[in-house]
Amino acid sequence: MKYKIPRGTYDIFPKDSARWHHVIDTFRRVAQSFGYEEITTPIFEMAEVFERSSGESSDVVQKEMYRFQDQKGRSFALRPEGTAGVVRAYVENHLDRVGGKSKFYYIGPMFRYDRPQAGRYRQFYQYGIEFIGSNNPYYDAEVIALEMQFLAELGLKNVSLEINSVGCAQCSEDYDEALRAYYKPHMDGLCPDCQKRYHVRPRRLQDCKAAYCRTLKAAAPSQLDYLDQDCKEHFTQVKSYLDQMDVKYQVNPGIVRGLDYYTNTAFELIVDALGAQNSIAGGGRYNSLISQFGGKDTAAIGFAGGFERLLLALEKEGIAGYEPIKPRVYLIGIGEAVRAMAIEYLSKLRKDGIYVEYNPDKSSFRAQMKAADASGARYALIIGEDELAAKMPTLKDLESSQQHSVDYRQLLDILN
RNA sequence: GUGGAUGUAGUUCAAUGGCAGAGCGCCGGAUUGUGGUUCCGGUCGUUGCGGGUUCGAGCCCCGUCAUCCACCCCA
């Protein structure tokens with residue numbers, strides 16, 4: 001075995017392809033029914049696009065980005081997430097000047113250099129939604145409702161929606177300060193990870209699993225108490241829209257998104273059965289990102305979901321993929337003498353859109369009948385010496401075991 | 001990036017340091033023109049890779065690669 005697939009990547013064979021298509025088709029259909037249209041951006045961008053948007057300090061940028069330089073020494077990166085590219089495209093094409101609302105969906109591979117694990121890959125596929133152009137809490141709810149409807153149509157049951165508000169930049173800063181003040185006296189007892197978190201992202205302190213850190217969490221200040229009037233009102237309205245749309249959720253002040261650009265609404269979809277990698281989708285509002293990219297101050301909200309984890313979750317619930325497509329008829333040719341007639345029927349049927357299977361490597365009638373049966377075809381079309389002489393093939397119904405000779409028109413009638 | 005487990009036929013799994021095996025699958029046959037069930041026969045291996053210990057290594061040791069689990073992070 002000379003060549004091996006790169007670590008953290010995988011091949012999708014036809015056996016799985018049908019399931020992928022089903023999931024993707026469903027997503028497209030639901031997105032379109034909400035008025036979203038597809039946008040496709042490059043798989044790589046200038047490294048800065050991601051550094052600026054995700055935040056220089058985020059893990060994604062710090063250690064997980066695939067960076068490379070091109071022949072002229074310019075620094076690029078394989079995209080670790082989808083939003084930055086969409087926002088870059090939006091601003092670059094002056095959609096912020098045009099005004100109005102943009103509703104995008106995207107589907108494609110993302111790349112992160114991370115240690116692979118079940119549900120975690122170095123190249124993985126995401127589907128995502130970006131709504132740009134309004135701060136109306138209605139759109140927060142719309143985007144979430146879209147995702148929930150998508151999952152419902154796939155038949156996924158055991159998934160929970162957790163929402164939070166991280167407020168605007170000001171609320172967020174106030175809260176970080178409050179957290180630092182709270183944790184400061186306990187610094188020495190914190191685990192090494194949390195000592196780092198204290199400086200970089202204090203809110204991360206709250207979902208630490210170390211015993212001592214966890215005891216501190218109970219009395220820690222909550223983000224929700226540090227929202228200003230507008231942010232509080234926004235969050236209340238989002239929840240109220242969700243109620244009206246009959247979307248069930250759980251408020252979880254611990255929800256912290258990993259990318260720095262989120263403001264106000266943040267949410268995550270959790271499937272407990274998935275183990276450590278239990279988040280199948282996540283997103284939130286990013287009201288300051290477009291202006292950060294040099295565009296007009298424009299509010300936006302979006303989310304991304306992971307196909308691999310979604311597929312795993314569907315599997316856990318026993319929601320099988322699609323059955324492989326079976327041939328309608330299996331062509332059996334007995335002996336060299338009839339080959340020309342067999343090929344003639346094969347070609348004609350295929351031109352008429354019938355899925356015919358045929359295997360020239362099988363010799364005996366018996367072996368071909370076995371193969372016909374194994375193929376799952378309903379009919380076997382038999383062409384041997386007798387049929388050649390009569391210029392009429394025999395069609396056998398493999399379910400009823402009935403057979404009779406047919407001319408081409410009869411054959412088509414039955415197969416259609 | 002850290003800690004741990006695993007790696008044997010296409011696949012699922014056996015094999016006390018002593019001849020690498022079984023089920024399933026695959027191929028062929030049981031009336032040379034009739035499938036499913038059954039029966040018979042056959043094919044299938046650099047034991048992930050590279051070193052070491054040993055008379056002898058699938059098994060013990062070291063390294064490496066990959067997968068899985070947890071941490072971390074997140075989709």
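Only this structure's heavy atoms are used, side chains among them; waters, hydrogens and symmetry mates stay out. Residue numbers begin at 1 in each chain, while the letters A, B, ... track the order of the sequences. Because the structure is predicted, anything quoted here is derived from the model rather than measured.
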With sugar-phosphate taken as primed atoms, P, OP1 and OP2 and all else as base, the protein-contact string of nucleotides 63-68 of chain B at under 4.0 Å (heavy atoms; B, S, -) is --SSSS

Counting primed atoms plus P, OP1 and OP2 as sugar-phosphate and everything else as base, spell out the protein contacts along nucleotides 31-46 of chain B at 4.0 Å heavy-atom distance: B, S or - for each nucleotide, 5' to 3'. --BBBB----------

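Among the heavy atoms of the strands, none lies under 4.0 Å from A:Ala372.
A straight line from CD of A:Gln277 to C1' of B:A75 spans 9 Å, rounded to a whole angstrom. Across the protein-nucleic acid pair, A:Met65 atom CE and B:A75 atom C1' stand 17 Å apart, rounded to whole Å. Regarding A:Glu268, its CD atom lies at a distance of 11 Å from the C1' atom of B:C73, rounded to whole Å. Atom CD in A:Gln368 sits roughly 11 Å away from atom P in B:G29 (whole-Å rounding). One interatomic measurement links the two molecules: CG of A:Leu151 to P of B:A75, which rounds to 15 Å at whole-angstrom precision. The CZ atom of A:Arg112 sits 17 Å away from the P atom of B:G1 (whole-angstrom rounding).
For the pair A:Lys348 and A:Tyr345, the cation sits on the ring face: its NZ or CZ lies under 6.0 Å from the ring centre, inside 45° of the axis. Judged by a 6.0 Å distance limit and a 45° cone about the ring axis, A:Arg328 is not positioned over the six-membered ring of A:Tyr379.
Between A:Tyr121 and A:Tyr10, the two ring planes are tilted [angle within 30° to 60°]. Note on ring orientation: taking the six-membered ring where Trp is involved, the planes of A:Trp20 and A:Phe307 are tilted (angle from 30° to 60°).
Checked against ring pair (Phe, Tyr, Trp, His ring centres under 6.0 Å), A:Phe34 has no partners two or more places apart in sequence or in another chain.
A side-chain N or O of A:Asn287 and one of A:Asn135 form a donor-acceptor pair less than 3.5 Å apart.
To the nearest 0.5 angstrom, A:Tyr106 atom OH is 8.5 Å from A:Phe27 atom CZ.
Panel note: side chain A:Arg79, backbone A:Thr41; a donor-acceptor pair is recorded below 3.5 Å.
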